[in-house]
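Note sheet for the following structure.
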Amino acid sequence: VLSSAGVATACALVGWLALLHLPSKPSLEGLPADASEVAAVPGAKLELLGYRLGPEKLVAGRFAYVTLYWLAPEALEDDLEVVVSVVGAEGGKPLSKVRKKIGTVQFPPRGTSEWAPGTILEESYFLQLRRNTPDTIRLRAAVVGNSHVRSLGGLHPVAPLDPIQKRILD
């Protein structure tokens with residue numbers, strides 16, 4: 001019979017072993033057909049090849065899922081970070097943003113310094129669309145420390161909450 005400490009240790013060990021057996025996210029051969037391409041920036045250490053936005057209908061007060069497709073054309077020494085943000089149709093201050101180390105959203109986390117040259121990886125980021133999000137937004141992505149801010153497509157429409165959802169949240 002195991003003590004409560006022994007049971008806790010056994011559970012932790014089983015959980016750790018289960019994590020070791022999860023498959024790592026494979027690198028891709030190219031940009032998926034349902035992704036939108038992003039124009040290349042000459043001389044970039046890490047290239048943003050494209051993105052995918054979901055759900056199909058964006059709704060204020062819910063999440064937008066932005067999947068970015070990255071290419072490491074050569075070995076990188078540093079682990080890089082990205083800021084993905086939602087701005088109004090005219091730009092300006094971000095309405096919502098997320099900042100993450102690239103390569104750490106997936107399992108197992110692999111920072112960009114661990115990527116082999118030519119590796120293409122995808123990562124999804126969740127952005128909260130506030131209840132007062134305007135009816136049209138723009139999405140942007142920028143590698144921290146790099147002056148290139150990338151626009152992810154043009155204008156994206158955002159539907160307001162329907163009256164029942166609004167009443168529930170109020």
Side-chain angles (χ1 to χ4, degrees), residues 22-161:
L22 286 174
S24 62
K25 193 166 204 169
S27 62
L28 304 171
E29 296 295 319
L31 193 62
D34 62 343
S36 299
E37 283 188 55
V38 175
V41 173
K45 289 196 291 185
L46 184 67
E47 292 181 30
L48 177 60
L49 295 179
Y51 73 96
R52 184 174 42 214
L53 176 62
E56 192 170 314
K57 180 181 177 183
L58 298 176
V59 178
R62 296 200 179 156
F63 283 92
Y65 310 102
V66 181
T67 301
L68 300 180
Y69 297 91
W70 299 101
L71 167 66
E74 56 189 50
L76 299 169
E77 293 179 15
D78 301 319
D79 289 331
L80 303 175
E81 293 184 48
V82 66
V83 175
V84 182
S85 57
V86 173
V87 295
E90 302 302 319
K93 184 178 176 185
L95 304 171
S96 178
K97 68 181 179 180
V98 62
R99 180 178 175 158
K100 296 282 183 184
K101 281 194 174 184
I102 300 169
T104 61
V105 176
Q106 63 193 353
F107 185 85
R110 290 187 303 169
T112 52
S113 63
E114 298 177 43
W115 293 8
T119 298
I120 298 174
L121 288 175
E122 68 175 330
E123 287 200 302
S124 294
Y125 305 89
F126 302 104
L127 288 158
Q128 175 71 47
L129 297 175
R130 296 180 184 166
R131 290 176 46 198
N132 62 349
T133 297
D135 60 359
T136 307
I137 60 168
R138 292 184 187 273
L139 295 169
R140 294 185 176 159
V143 174
V144 174
N146 185 330
S147 61
H148 300 291
V149 176
R150 311 303 303 279
S151 179
L152 303 178
L155 296 173
H156 301 282
V158 178
L161 283 171

I need the T136 OG1 to L155 CG distance, nearest 0.5 Å.
6.0 Å
Can you see which heavy atom on S113 is nearest to which on D79, and at what distance?
OG-OD1, 2.7 Å
Measuring from atom OG1 of T112 to atom CD1 of I102, what distance do you get when rounded to the nearest 0.5 angstrom?
6.0 Å
Mind running side chain to side chain contact (heavy atoms under 4.5 Å, CB included) on V83 and V144 for me, showing each step along the way?
CA-CA 7 Å; V83 175; V144 174; 3.8 Å; yes
Atom CD1 in I120, atom CH2 in W70: separation rounded to 0.5 Å?
13.0 Å
Side chain S85, main chain L95, donor-acceptor under 3.5 Å
no
Within a strict 4.5 Å, meaning less than it, do heavy atoms of the R52 and E122 side chains meet?
yes
Any non-hydrogen side-chain atom of Y69 less than 4.5 Å from a side-chain atom of L48?
no
Would you check if the side chain of S124 reaches a backbone N or O of Y65 as a donor-acceptor pair within less than 3.5 Å?
no
For Q128 and G61, indicate whether the former's side chain and the latter's backbone hold a donor-acceptor pair under 3.5 Å.
yes
Looking at V158, is its backbone amide N or carbonyl O close enough to the side chain of D135 to form a donor-acceptor pair, meaning the two atoms are under 3.5 Å apart?
no
G103 and W115: which non-hydrogen atoms are nearest, and at how many Å?
CA-CZ2, 4.0 Å
To the nearest 0.5 Å, atom NZ of K97 lies from atom OH of Y125 at 15.0 Å
With a 4.5 Å cut-off on side-chain heavy atoms, are E123 and L68 touching?
no
Would you find a donor on one side and an acceptor on the other, under 3.5 Å apart, between the side chain of R138 and the backbone of A89?
yes
Hey, is CD on E37 packed in by over 12 heavy atoms from elsewhere, all under 6.0 Å?
no
Between P73 and E47, the two heavy atoms sitting closest are CG-OE2, 3.7 Å
Minimum heavy-atom distance V87-P94, with the two atoms named
CG1-CA, 3.9 Å
Residues L53 and Y51: closest non-hydrogen pair is N-CD1, 4.2 Å
From I137 CD1 over to L139 CG, what is the distance, rounded to the nearest 0.5 angstrom?
4.5 Å
Rounded to the nearest 0.5 Å, what separation is found between the CG atom of L58 and the CZ atom of F63?
13.0 Å
Shortest non-hydrogen contact from G50 toward V38:
CA-CG2, 3.7 Å
Counting C-beta onward and ignoring hydrogens, is there a side-chain heavy-atom pair between D78 and K45 closer than 4.5 Å?
yes
